[in-house]
Amino acid sequence: MLSLLGFATILIFLVLIMTKKLSVMTALVITPVVFGLLAGFSPKELGDFALAGIKQVAPTGVLLMFAVLYFATMLDAGLFDPVIAAIIKSVKGDPLKVILGTAILTMIVHLDGDGTATFMIVLSAFLPIYKQLKINRKILASIVALSVGPLHLVPWSGTSARAISTLKSDAVHIFNPNIPAIIAGIVWVLFVAYFFGQKERKRLGIIEFEYNHKDNLNTEQHQLRRPNLLIVNAILTITLIIALTKGWLPAPVLFVIASMIALLVNYPKLADQQKVIKSHGTNIFLVSSMIFAAGIFSGILTGAKMIDAMANSLVALIPQQHASWLPTLTALTSLPASILFTPDAYYFGVVPILSQTATQFGIDPLEIGRAALLGQMTVGFPISPLTASTFLLVGLTEVDLGEHQRHTFFWAWGTTIVMTIMALLTGSIHW
């Protein structure tokens with residue numbers, strides 16, 4: 001009975017968010033409460049389950065809030081401006097260098113884990129160059145989409161935050177083992193950029209042109225820039241990333257401290273600090289509140305033992321001799337799953353069942369999380385019709401969504417396959 005109610009909870013949740021009958025946050029809260037009551041649990045019991053779930057995801061929610069604030073502050077202060085200017089200056093009119101430069105800049109800017117911000121920054125810098133040189137804009141859309149993929153595994157991206165909160169883990173255990181896979185993905189994307197660049201260089205040749213990135217910044221962006229603090233911001237960011245990967249302090253604590261230092265150093269005036277926080281406040285609230293709503297969802301399903309019941313049902317269906325394939329199959333199907341599932345539906349609905357099933361077979365459940373992140377709404381989000389940023393990408397590049405998907409899907413899945421092979425070789429997941 002609990003198994004059926006659990007699957008019904010997941011199914012109704014998926015239907016509600018995919019048909020847009022309810023917002024993700026509302027569906028995450030209302031659905032498990034309704035089915036928890038149907039399962040015979042009292043409001044007091046459901047409240048205890050929900051509170052336990054919120055406590056589990058609280059560190060992830062804090063991490064996400066202050067990571068978004070930190071990198072937003074760095075973008076506003078102009079930390080990446082010299083990199084953008086240097087890349088644009090070095091590419092000149094060579095299509096090969098332009099496309100490679102697009103990939104490199106996208107990866108650097110996407111350290112903030114925000115797809116929308118990355119698309120806005122990179123496309124505002126490179127779209128005029130592609131138009132002037134007449135480079136195929138489908139290549140621009142594809143390279144930007146491919147380049148954000150491996151970097152979207154950073155623990156402060158919304159996708160990784162979902163996986164971490166669902167599995168009740170942390171960045172050290174989810175992100176660090178995937179670092180070799182991320183590096184392999186980056187190398188693959190640079191290879192694809194080189195391949196596209198060679199084709200366009202043969203087709204177009206090399207053209208001389210002039211372009212200045214600073215001329216494209218608006219008045220407010222100029223006012224927030226802090227070029228005199230570039231070295232200080234770079235040192236702070238490098239130190240933060242090293243501390244994060246080394247686990248010197250819990251990731252949420254690191255980002256709380258780092259974001260406050262970043263604000264104080266770059267914007268000592270209270271009015272300027274408030275301007276930065278307000279300009280990014282909506283995005284911070286949306287992503288962090290969703291994590292706490294997810295805590296209620298997972299807390300009720302776990303506390304009511306629905307997850308255990310569903311996992312037991314799946315265990316009965318999977319042959320024992322093939323159980324070890326579960327992490328690898330999760331990884332290989334993760335990118336196509338981005339076309340079918342939103343990140344909320346997949347990480348809050350599918351991953352808990354898969355991870356609990358893995359546990360029943362003696363497989364580390366964290367392997368399911370690492371495997372899922374190799375494609376599902378990381379490499380896959382810029383081609384998925386279920387994410388708004390995909391439409392921003394194709395809209396700004398003036399490319400049809402269908403054309404973008406056909407042009408990008410093969411190469412994106414290649415990224416996931418390359419990353420999966422490296423994850424298997426380095427033991428992040430096992431066959």
Side-chain angles (χ1 to χ4, degrees), residues 74-75 78-112 115 117-152 182-217 221 225 227 230 234 237 379 382-383 392-399 403-404 406-412 414-415 418-419:
M74 287 297 143
L75 287 169
L79 174 62
F80 302 113
D81 283 357
V83 179
I84 295 173
I87 290 174
I88 290 175
K89 184 178 180 180
S90 66
V91 299
K92 302 187 189 303
D94 185 346
L96 171 59
K97 292 181 179 179
V98 169
I99 294 171
L100 279 170
T102 305
I104 293 169
L105 179 61
T106 303
M107 292 174 186
I108 293 172
V109 174
H110 199 62
L111 279 171
D112 72 338
T118 300
F119 295 158
M120 293 292 290
I121 293 168
V122 174
L123 295 178
S124 66
F126 272 96
L127 184 58
I129 299 174
Y130 276 70
K131 287 184 174 180
Q132 191 167 338
L133 296 179
K134 296 181 171 55
I135 299 174
N136 187 342
R137 286 199 296 275
K138 286 191 290 187
I139 291 178
L140 172 59
S142 291
I143 289 301
V144 171
L146 292 171
S147 300
V148 297
L151 273 297
H152 205 63
I182 294 171
I183 294 171
I186 290 171
V187 172
W188 167 258
V189 171
L190 291 175
F191 163 74
V192 175
Y194 181 83
F195 173 77
F196 282 150
Q198 285 283 24
K199 288 179 64 177
E200 289 298 278
R201 179 194 268 178
K202 289 179 182 178
R203 184 174 73 88
L204 299 168
I206 299 175
I207 304 168
E208 291 299 323
F209 82 115
E210 293 293 330
Y211 178 77
N212 191 330
H213 171 65
K214 286 186 178 180
D215 293 341
N216 280 323
L217 298 177
Q221 288 173 323
R225 289 303 191 262
L230 176 66
T237 302
V379 177
I383 61 173
L392 175 66
L393 174 62
V394 298
L396 290 175
T397 55
E398 301 169 9
V399 174
E403 290 181 348
H404 169 61
R406 287 191 294 273
H407 193 264
T408 310
F409 185 89
F410 169 79
W411 303 104
T415 307
V418 168
M419 292 169 69

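Since we're looking at a predicted model, the values are computed, not measured.
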Measuring only between side-chain heavy atoms, which start at C-beta, is [X] closer than 4.5 Å to [Y]?
X      : Y      : result
Lys138 : Arg406 : no
Leu190 : Met107 : yes
Phe119 : Pro382 : yes
Leu140 : Leu127 : yes

State the [atom1]-[atom2] distance between [X] and [Y], to the nearest 0.5 angstrom.
X      : Y      : atom1 : atom2 : answer
Leu105 : Ile143 : CG    : CD1   : 13.0 Å
Phe126 : Leu133 : CZ    : CG    : 10.5 Å
Ile383 : Leu393 : CD1   : CG    : 11.0 Å
Phe195 : Ile99  : CZ    : CD1   : 11.0 Å
Asp94  : Leu100 : CG    : CG    : 9.0 Å
Lys199 : Ile139 : NZ    : CD1   : 6.5 Å

Side-chain donor-acceptor pair under 3.5 Å between Thr408 and His404, yes or no?
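Looking only at side-chain atoms, His404 and Thr408 do form a donor-acceptor pair, the distance falling under 3.5 Å.
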Between Tyr130 and Thr397: side-chain donor-acceptor atoms closer than 3.5 Å
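Note: Tyr130 and Thr397 side chains miss the donor-acceptor criterion.
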Could you pull out all residues at least two apart from Glu403 that satisfy salt bridge (Lys or Arg N to Asp or Glu O under 4.0 Å)?
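In terms of salt bridge (Lys or Arg N to Asp or Glu O under 4.0 Å), with neighbours along the sequence ignored, Glu403 is linked to no residue.
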Counterpart residues, salt bridge (Lys or Arg N to Asp or Glu O under 4.0 Å), relative to Arg203 (two or more places apart)
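For Arg203, the residues satisfying salt bridge (Lys or Arg N to Asp or Glu O under 4.0 Å) (neighbours in sequence not counted) are Glu200.
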Is the His407 to Phe196 ring centre distance short of 6.0 Å?
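Under 6.0 Å, so yes.
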The test is side-chain contact (heavy atoms from CB on, under 4.5 Å); show your working for His110 and Val122 and say whether it passes.
CA-CA 10 Å; His110 199 62; Val122 174; over 6 Å; no
Given side-chain contact (heavy atoms from CB on, under 4.5 Å), test Trp188 with Val192 step by step and report yes or no.
CA-CA 6 Å; Trp188 167 258; Val192 175; 3.7 Å; yes
Does the side-chain contact (heavy atoms from CB on, under 4.5 Å) test come out yes or no for Val379 and Met419, once each step is laid out?
CA-CA 10 Å; Val379 177; Met419 292 169 69; 4.0 Å; yes
Evaluate the criterion side-chain contact (heavy atoms from CB on, under 4.5 Å) for residue pair Leu151 and Ile186; output intermediate values, then yes/no.
CA-CA 8 Å; Leu151 273 297; Ile186 290 171; 3.8 Å; yes
Minimum heavy-atom separation for [X] to [Y], with atom names?
X      : Y      : answer
Ser147 : Val189 : OG-CG1, 3.5 Å
Val399 : Ala141 : CG2-CB, 4.5 Å
Pro150 : Thr415 : CG-CG2, 4.0 Å

Which one of Ile108, Thr102, Val109, Ile104 satisfies the side-chain contact (heavy atoms from CB on, under 4.5 Å) criterion with Thr106?
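Of all the options given, the one that passes is Thr102.
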